[in-house]
Amino acid sequence: MGNEYEPLQQKKAETKQKVGLLGCISLIVGTMIGSGIFASTSNVFINAGSPGMALIVWTASGVLVALISLCYVEMGTMIPLSGGEYSYYSEAFGELPAFVFSYTSTLFLKPAQLAAILLACGDYITVPFFYNDCNVEDRIIISKILASFILGVVIFINCVSVRWATNIQVVFTAAKLITITILVITGLVRLAQGFDNEFKNAFTGPSLKISSIGYAFYGGLWAYDGWNTLNLATEEIKSPNRDLPLAIIIGIPLVTGCYVLINVAYLTVLTSSEIASSNALAVTMANRVYGKYAFLIPIFVAFSTVGAANGTAFSGGRLAYAAARKNHLPKVLAMLHCEKQTPIPALVVTCILAWIMMIPDSSNFTTVMNYCNFVAWMIYSFTIVALLWLRFKRPNVKRPFKIFIGIPIFVLFFSVYLVIAPFYENPLGSTYCLLVLSTGILVYFLFIKYRIVPQFIMEFFDKFTLMVQMLANLYFPNTIVESYTQSNYETIIEDTKI
């Protein structure tokens, strides 16, 4: 028998570069094409006022996303660290803005995005069974239960394997592209057959308010959300300098073309008012056109939303992991599984918070979407400011991908508009969002800067971290991990104590 204190093997606990170009494109396209094009379309038509303006909003949203994505490519190749905006804020502005971003995104934004996506998924699964039933309350309850179950499955997959998560993303991306192809071909055929009434006098409608256009863009931009997924997991991309820009150049024009053509398809089957009032638009269209095969569409849409949830979970877990590595979140979130190299604690926390957000009666897709967009575009605005500031502060830093300075300036002006416009329509809700964000400043000074907290609380977090570490075989990043016999296990745990 060997020495009981002799290590059996050594490994380095760290994320691995496993995501290639196909995986990058699938993550972008698969995360972007999710619930939005099937659930937020009604929000665009409600606020745009006419079919022509709605199509302009969808096209302009794609152009805006393409431009801001190029800004993020510059940041991602200049600062090739996981965590996206967290890493960029740290480099440009320092600890406080980076912490407020990680605090807001980890506790509110990413879980809310997951909740919204899967609530839409639950709606699409349940609506066909309640299509002619007025018992809306039962449908909502069942929808939330299904959404919660699917969320658990998605998080489990992301915990088990990075390869599983990316491979499943490829499969779901293929499934959703099949769905989109069916809808687009249907629209083009019906357009050729003369179903074009909604395109005559396409811009006839009520006068628009500044806030209405903002909310219309919120609906469109929500459908494009996920374009920055790769920036949150840059360290896991095999060739970020090549794959980041290529994935953006290929993925976003593809998604934009799909979205515009799908909306054309909707307008060949439904009127603008029907689109504006539908909770499950693709189901309504399928029941009109596909007859007994209509049940296939909600199944494919469910695949689409699950794929988007998978991409959101993948990126959200990496954000919490990146922030916790720098002690800006509890250290337990910085740990990786020894063998799987996945940030299991960060993923589990994201899952629990998303479950909590699904519980209230007021939790529905539209409400969560509007709040998410308001917060998200504040974050994007500050990222563009960071890009411009780094151009001035560090002009000589190597930038493998550098864009024309006019692009971030234009994007910044439009981003500020998207933040300000909703105040005209819903000042109270927007103010609540700002108050929630401001609590991050208080938490920073209490827990990070000055640590003005009772000692027993810090000791509790230490003990909890060690317990999780022992139970789940987790280790802190960039440490050499050794497998020992049980008799020496306590020593290993003590060596990693924070």
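The first residue in the sequence is number 1, and the count goes up from there. Predicted model only: the values in this text are computed from it and were never measured.
Taking the side chain as every heavy atom from C-beta outward, V349 and L333 approach each other to under 4.5 Å. Between V375 and F108, every side-chain heavy-atom pair lies at or beyond the 4.5 Å cut-off. Contact annotation: the side chain of M78 never approaches that of F401 to less than 4.5 Å [non-hydrogen atoms, C-beta and beyond]. P97 is not listed as a side-chain neighbour of F382, based on a closest heavy-atom distance of 4.5 Å or more. Contact annotation: the side chain of V65 approaches that of L221 to within less than 4.5 Å [non-hydrogen atoms, C-beta and beyond]. The side-chain heavy atoms of R399 and R391, taken from C-beta on, include a pair separated by under 4.5 Å. Side chains of T383 and C71 form no contact here, defined as non-hydrogen atoms less than 4.5 Å apart. Using a 4.5 Å cut-off on side-chain heavy atoms (C-beta onward), I359 and K144 make no contact.
Between the side chain of N158 and the main chain of V154, a donor-acceptor pair closer than 3.5 Å is present. Here the side chain of S102 pairs a donor or acceptor atom with the backbone of F99 at under 3.5 angstrom. Side chain of W355 to backbone of S148: a donor-acceptor contact under 3.5 angstrom is found. R242 contributes no side-chain N or O that, together with a main-chain N or O of P240, makes up a donor-acceptor pair within less than 3.5 Å. Without hydrogens or angle criteria, N43 side chain to Y215 main chain gives a donor-acceptor distance under 3.5 Å. The closest donor-acceptor contact from the side chain of N373 to the backbone of Y218 lies under 3.5 Å.
The shortest non-hydrogen separation linking A302 to C121 is O-SG, 4.0 Å. Here the closest non-hydrogen pair linking C351 and L151 is O-CD2, 3.7 Å. When all heavy atoms of G219 and V44 are compared, the pair lying nearest together is C-CG2, 3.6 Å. Of all heavy-atom pairs between V29 and G251, the closest is CG2-CA, 3.9 Å. Annotation for P408 and I403: closest pair CD-CD1, 3.6 Å, computed over non-hydrogen atoms. The heavy-atom pair separating S69 from W227 by the smallest distance is OG-CE3, 3.5 Å.
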Evaluation steps, side chain to side chain contact (heavy atoms under 4.5 Å, CB included), between M357 and L114: CA-CA 9 Å; M357 291 180 181; L114 266 176; over 6 Å; no

CA sep, side-chain torsions, deciding dist, call: V397, L390, side chain to side chain contact (heavy atoms under 4.5 Å, CB included): CA-CA 9 Å; V397 171; L390 287 173; over 6 Å; no

CA sep, side-chain torsions, deciding dist, call: I379, S105, side chain to side chain contact (heavy atoms under 4.5 Å, CB included): CA-CA 9 Å; I379 291 170; S105 296; 3.9 Å; yes

Worked check of side chain to side chain contact (heavy atoms under 4.5 Å, CB included) between I237 and C24: CA-CA 8 Å; I237 299 174; C24 288; 3.8 Å; yes

ring-ring contact (aromatic ring centres under 6.0 Å, His included) between F101 and Y89, worked out: CA-CA 8 Å; F101 165 74; Y89 289 4; 5.5 Å; yes

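For Y444 and E95, the side-chain atoms include at least one donor-acceptor pair closer than 3.5 Å. Side-chain polar atoms of Y103 and T439 form a donor-acceptor pair below 3.5 angstrom. Side-chain contact of Y88 with N231: a donor-acceptor pair under 3.5 Å is present, judged by distance alone.
Summarising the local packing, OH of Y380 is surrounded by more than 12 heavy atoms from other residues, nucleotides or ligands at distances under 6.0 Å. Around the NZ atom of K393, the shell of radius 6.0 Å holds more than 12 heavy atoms that belong to other residues, nucleotides or ligands.
With values rounded to the nearest 0.5 angstrom, L412 atom CG is found 6.5 Å from L388 atom CG. Taken from CG in L442 to CZ in F447, the straight-line distance is 8.5 Å, to the nearest 0.5 Å.
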